[in-house]
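From a predicted model like this one, the values you see are computed outputs, not experimental measurements. Quick note on labels: first sequence line is chain A, next is B, and so on, each numbered from 1.
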Amino acid sequence: MYSFEPNEEQQMLIDAVNKYAENDLRASAHENEENKELPKKLINKGWEIGLLQASIPESYGGFGERNAATNVLALEEMAYGDLAGTLAVLTPSLFATPILLAGSEEQKKNYLPKIIAGEWSPYTAALIEMSFDFDPNALKTTAEINQDEITLKGEKAFVPYAKEAHEILVYANLNGVTQGFIVPEDSVGLSISEEREKLMGLNALPMYRVKLDDVKIPVANRLGGASGHDFELILASLRLGSASAALGVAKSSFEYAKNYAKEREAFGVKIAQKQAVAFMLAEMRTEIEAMRLLTWEAAWKLDNNKEDICVAAYLAHTGAVDMVMMVTDRGVQIYGGHGYIRENPVELLMRNGRGFAMLLGLAIV
Amino acid sequence: MTIEFEAPKPIANQQVMLKTVAENMMRPISREFDENEHDIPWSYVEFMHMAMKAAGGGGGLTVTEKPQEGDEKRPPIGYQKLATQIEMLAWGDVGMYLITPGGGLGAAAVAAAGTPEQKEKFLTRFNSDIPTYAAMCMTEPGAGSDTSAIRTRAVLDEKTNEWVINGEKIFVTGGDKSFTEYEKLGKGFIVVWASIDPTAGRAGMRAFVVESGTAGVKINKLEKKMGIRVSDTAAISLVDVRVPFENMLGSATVEKNNTGFRGAMATFDATRPLVAASGLGVARAALEFLKEKLEENGVKIHYGLPRQKLSNIEREVIDMEIMLKSAWLMTLKAVWMADNKKSNALESSMSKVKAGDVTTKITQKAVEILGPIGYSREFLLEKWMRDAKITDIYEGTGQINRLVVARQILGYSGKELR
Ligand SMILES: Cc1cc2nc3c(=O)[nH]c(=O)nc-3n(C[C@H](O)[C@H](O)[C@H](O)COP(=O)(O)OP(=O)(O)OC[C@H]3O[C@@H](n4cnc5c(N)ncnc54)[C@H](O)[C@@H]3O)c2cc1C
């Protein structure tokens, strides 16, 4: 059957996330960006909604079953509030979800219960590298196995909460294949930059450079255990995470622009009554819908183990990256000169919007 | 409800069958009927009529659903079936899809605006043993996008209780097959939009069923077109054309109200995603052809690479796939809403906006990328590019559908956003 409507449970979740996004994230996004800070209280409130907790089965301390489609819906809704806040709330998922998907039984037992017990606690992952041709399937950070020991070498960029993290899931190149490795905070050779990353957007989210100078970890710390894991499904989940968040950012810009266009007057009419503006809005709405449905379908494929899930997630992500740039650019355009002023919300959305082209690995469904 | 993308069994099965039709009955004669513009491919017409009757879907390509029995109860999928049928036939040849026997836009107008008696009276004929057509005449030389500007007049002759219609219509798809009496065709009709009160604007608009052969109606010419050449596009003049009072669609009052115009708009909500589907079929044909040719020439598309590492051709092809898949999902959503009786004016027009863009872009890009192979009439790709363009023009141009979308999202009336 074809069907295009969230089920009741999903709708309840969307409503709950929407309340948080609207009242907490959206209301404080500007201030947080300017202060370069996300209050722990704000993060904990988002954490309490329980998106990650609901993805983890009872046997590991959670209360649900991971469903990519549900996570796509929730992630869009939360990112509609604010991207930095959303990525912060969900940083522990970057560590926990790959373990849930590909971890060994021992890793699941070891990590999942303690990550989701109680308040938000910093667990993170490191995928991005500082090079123009960054490619998740051809990483420059390397892993070498020597009997019972793995040596990691390289540098990772844009790692959220690396400084406080108890454990970092580091992705590295093992003989041409991307694999995840669990690196504890006190590992010898692991160094986290003093300074935070300084980016065009996302300034509220603390991100760091992470250096691995011959970091040695036991083979048991390889994601999936000694025999490793399949990276494809993790990558598809990361791509869909990114695509969903892009939908939320785009929707936010569209809503602001739409409401502004119905208020602002020029030449005696509301600017929304001018076709040049109205058509921009119509195209923004249409493109958001197009990429939303593509993302939903890919998530459904993920949940149903369809064969072409990797290509589907790739296409949804690639399309969403273009869409969010187009939409957030027009958001600024519709506000005119006022859009360029940081007091108005749309310029931050455009700065964050561009980020999706490189920020793969910061959200997962 | 839930979020799901599995093709229902009846649709999946139907697609296998229709693909065979597209490959064997349409593609082999595509070129011939493109080059011989006003010839009629009787083999296709007669085969389709027979096949549809055999499948129990009399009435041509319309929403048909047999009542469901027993455990097989599921939400209705009539429009979804229709959209997928159209997409596949258009993949074969969109012009030929347009001349698939049946009521077409004429019957759609009756279905949307007619009373139960009128539906009974005018729609049963499509079930007969020979192919039968109907068409819709809205557009006039001086009124295209602005349908409220139509000048065709209908005046009631109270003595005979007949409507007397005068005016000029152009661009009538299937106008010839619906009106002209052909030996191999059943008696069809055209639905003519006219004003019963020119001072009332939209409120005065009504639709009238004019039976094939009615005196005073003349087919002046069949247009020669850029594409979809196998589909006849007629210019029709009406001089003192008399039709019975009951042939005015809707309740038999002549009060000034908007029901007539709303009837037209309701028709569009239902048909826009279907036009979108027809365009997307052409786009898919073009994209598949492009990928096939690239593969033959050793060009591989590396899905999964970051943009910076893709070649220009790879980028183009990947973008085309994104466009096509997302546009199709929007179309599917619009018809799914229609099946589930959800109001879909926004989704319907969005799907048409998107399909208009995507269909033209994909076909034009494909011709560009393949160079001489794209441009040569040795292959069908150049034809598909010509065929594709109509998607962005009829059933509301891209601009008009953008207006509809914008009005929907802004909550504006036609007055507030022109
Ligand atoms: C092959 C073919 C088959 C057709 N079949 C049928 C049929 O079966 N029945 C029928 O009734 N009609 C049919 N049409 C007519 C078709 O629906 C019209 O051509 C179409 O609606 C556009 O009208 P027009 O050609 O008069 O263009 P115009 O309305 O003159 O438009 C010209 C340009 O102006 C733009 N424009 C117009 N108004 C606005 C506005 N308010 N805002 C911004 N831009 C605007 C349009 O988008 C277009 O780009 C057919 C046309 C063709 C070519």
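With a 4.5 angstrom heavy-atom cutoff, Lys301(A) does not touch chain B via any of its atoms. Of the atoms belonging to Phe254(A), it is side-chain heavy atoms, and not backbone ones, that fall under 4.5 Å from chain B. Using a 4.5 Å cut-off between heavy atoms, Leu235(A) makes no contact with chain B at all. The part of Ala138(A) that comes within reach of chain B is its side chain, from C-beta onward, which places non-hydrogen atoms under 4.5 angstrom from that chain. Heavy-atom distances place the side chain of Asp319(B), and not its backbone, under 4.5 Å from chain A. Contact of Glu232(A) with chain B is not made at all, since no heavy-atom distance falls under 4.5 Å. Contact annotation for Arg292(A): neither backbone nor side-chain heavy atoms come within less than 4.5 Å of a heavy atom of chain B. Only the side chain of Glu287(A) has a heavy atom closer than 4.5 Å to any heavy atom of chain B. Interface residue Gln399(B): backbone and side-chain heavy atoms are both found under 4.5 Å from chain A. Of the two parts of Gln80(B), only the side chain, counted from C-beta on, holds a non-hydrogen atom closer than 4.5 Å to a non-hydrogen atom of chain A. Ala69(A) does not touch chain B: none of its heavy atoms, backbone or side chain, sits under 4.5 Å away. With a 4.5 angstrom heavy-atom cutoff, Asn304(A) does not touch chain B via any of its atoms. Neither the backbone nor the side chain of Ala327(B) comes within contact range of chain A, judged by heavy atoms closer than 4.5 Å. Only the side chain of Ile11(B) comes within contact range of chain A, with heavy atoms under 4.5 Å apart.
Around the CD atom of Glu265(A), the shell of radius 6.0 Å holds more than 12 heavy atoms that belong to other residues, nucleotides or ligands.
Taking the six-membered ring for Trp and the full ring otherwise, the centers of Phe4(A) and Trp336(B) sit less than 6.0 Å from each other.
Looking only at heavy-atom pairs under 4.5 Å with chain B, the residue among Glu9(A), Gln273(A), Arg239(A), Lys270(A) that has the most is Gln273(A). Among Thr286(A), Thr295(A), Asp303(A), the residue making the largest number of heavy-atom pairs under 4.5 Å with chain B is Thr286(A). Counting heavy-atom pairs closer than 4.5 Å to chain B, the top residue among Gln11(A), Lys258(A), Arg285(A), Met291(A) is Arg285(A). Contact tally against chain A (heavy-atom pairs below 4.5 Å) for Arg418(B), Gln408(B), Met330(B): the top residue is Met330(B). Between chain A and the options Asn401(B), Leu332(B), Ile318(B), Val405(B), the largest number of non-hydrogen pairs under 4.5 Å is found for Leu332(B). Contact count against chain B (heavy-atom pairs under 4.5 Å) is highest for Ala272(A) among Ala312(A), Ala272(A), Ala261(A). Ranking Leu403(B), Leu346(B), Val353(B) against chain A, the residue ahead of the rest is Leu403(B), based on heavy-atom pairs under 4.5 Å. Ranked by heavy-atom pairs under 4.5 Å with chain B, the first of Lys274(A), Gln10(A), Glu283(A), His317(A) is Glu283(A).
Taking each heavy atom of Ala406(B) and Ala282(A) in turn, the nearest pair found is N-CB, 4.0 Å.
Looking at Lys262(A), its side chain does come within 3.5 Å of a backbone N or O of Leu410(B) through a donor-acceptor pair. Looking at Thr2(B), its side chain never comes within 3.5 Å of a backbone N or O of Asn7(A) through a donor-acceptor pair.
The pair Lys342(B)-Glu5(A) meets the salt-bridge criterion, with a side-chain N (NZ, NE, NH1 or NH2) lying under 4.0 Å from an Asp/Glu carboxylate O. Between Glu289(A) and Lys333(B) there is a salt bridge, since at least one side-chain N of the basic residue sits less than 4.0 Å from a carboxylate O of the acidic one.
Contacts with chain A (heavy atom to heavy atom, under 4.5 Å) involve these residues of residues 295-317 of chain B, listed by number: His302(B), Tyr303(B), Gly304(B), Leu305(B), Pro306(B), Arg307(B), Gln308(B), Lys309(B), Leu310(B).
Taking CD1 of Ile322(B) as the reference point, atom CE of Met323(A) lies at 11.0 Å (rounded to 0.5 Å).
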